[in-house]
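Values below: all heavy atoms of this structure, side chains included; hydrogens, waters and symmetry mates excluded.
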Amino acid sequence: MRCCYLKRSPGGVRVIPQWAEGALAKRLEEPHQGFESYKAVQQWLAQTLGVEAEYHTVYQMTHNRLKAKLKVPRPQHKKQKPQQRESFKKNLQTTWSC
């Protein structure tokens with residue numbers, strides 16, 4: 001009897017629901033709300049949305065499906081002086097404009 005046969009979609013049920021994926025995508029688009037690591041994304045999902053997922057699952061979703069990259073500022077030396085840095089940037093622009 002073929003009439004009673006139900007088709008199933010291939011693959012398993014997603015661990016991270018579509019609504020949580022959308023919330024994460026929105027959070028990743030905000031310019032000053034980046035994550036330092038995929039572990040931080042995993043913790044944010046658990047604490048904010050109540051979605052428990054393994055590290056690899058979070059990595060695959062963020063990297064492959066959302067095509068997002070984690071935004072982390074470059075480290076700066078603690079002895080670096082802000083005035084010297086700004087002066088260097090100004091001088092560099094005048095040097096390169098020649």
Side-chain angles (χ1 to χ4, degrees):
M1 265 189 167
R2 288 199 124 166
C3 66
C4 297
Y5 180 75
L6 297 175
K7 284 189 172 184
R8 290 181 144 188
S9 60
V13 179
R14 286 188 174 180
V15 175
I16 302 173
Q18 196 72 26
W19 59 268
E21 188 174 327
L24 178 60
K26 185 183 267 188
R27 170 78 194 276
L28 288 168
E29 288 174 1
E30 295 176 11
H32 301 293
Q33 294 286 329
F35 292 101
E36 291 183 10
S37 65
Y38 292 105
K39 186 74 172 171
V41 175
Q42 183 183 23
Q43 290 172 349
W44 182 82
L45 284 170
Q47 292 172 353
T48 309
L49 304 177
V51 177
E52 297 288 333
E54 291 184 15
Y55 178 89
H56 187 70
T57 305
V58 171
Y59 171 79
Q60 282 188 329
M61 182 196 62
T62 307
H63 191 260
N64 298 338
R65 273 190 281 177
L66 297 178
K67 304 289 186 211
K69 294 182 180 175
L70 302 182
K71 308 291 190 271
V72 180
R74 288 182 161 221
Q76 295 180 356
H77 198 275
K78 60 186 175 189
K79 292 183 179 178
Q80 198 175 58
K81 296 179 179 140
Q83 293 110 357
Q84 283 183 333
R85 184 174 56 235
E86 294 305 317
S87 172
F88 175 77
K89 287 180 183 179
K90 287 178 186 177
N91 292 337
L92 183 66
Q93 289 175 353
T94 57
T95 304
W96 278 97
S97 62
C98 294

- Task: Report the distance from atom OG1 of T62 to atom NZ of K69, rounding to the nearest 0.5 Å.
- Result: 13.5 Å

- Does any N or O in the side chain of S87 come within less than 3.5 Å of the main-chain N or O of Q83, such that one atom is a donor and the other an acceptor? no

- M61 vs L24 side-chain heavy atoms within contact, under 4.5 Å: yes

- Task: Drop me the distance from R85's CZ to F88's CZ, to the nearest 0.5 angstrom.
- Result: 11.5 Å

- Task: Find the distance between CD (E30) and NZ (K26) and round it off to the nearest 0.5 Å.
- Result: 8.5 Å

- Note on the structure: On a heavy-atom basis, the closest approach of V58 and Y38 is CG1-O, 3.9 Å

- Query: Near E54 CD, under 6.0 Å, is it more than 12 heavy atoms from other residues, nucleotides or ligands?
  - Reply: no

- Message: Give me the atom names and distance for the closest heavy-atom approach of A20 to I16.
- Response: CB-CG2, 3.9 Å

- Q43 CD: over 12 foreign heavy atoms closer than 6.0 Å: yes

- Query: In Å, rounded to the nearest 0.5 Å, how long is the span from CG of L66 to CD of E29?
  - Reply: 9.0 Å

- Query: Under a 4.5 Å cut-off applied to non-hydrogen side-chain atoms, are L28 and F35 in contact?
  - Reply: yes

- Item | Shortest non-hydrogen separation from A53 to Q42 and the atoms involved | O-NE2, 2.7 Å

- Item | Y59 side, atom OH; N64 side, atom CG - distance, nearest 0.5 Å | 6.5 Å

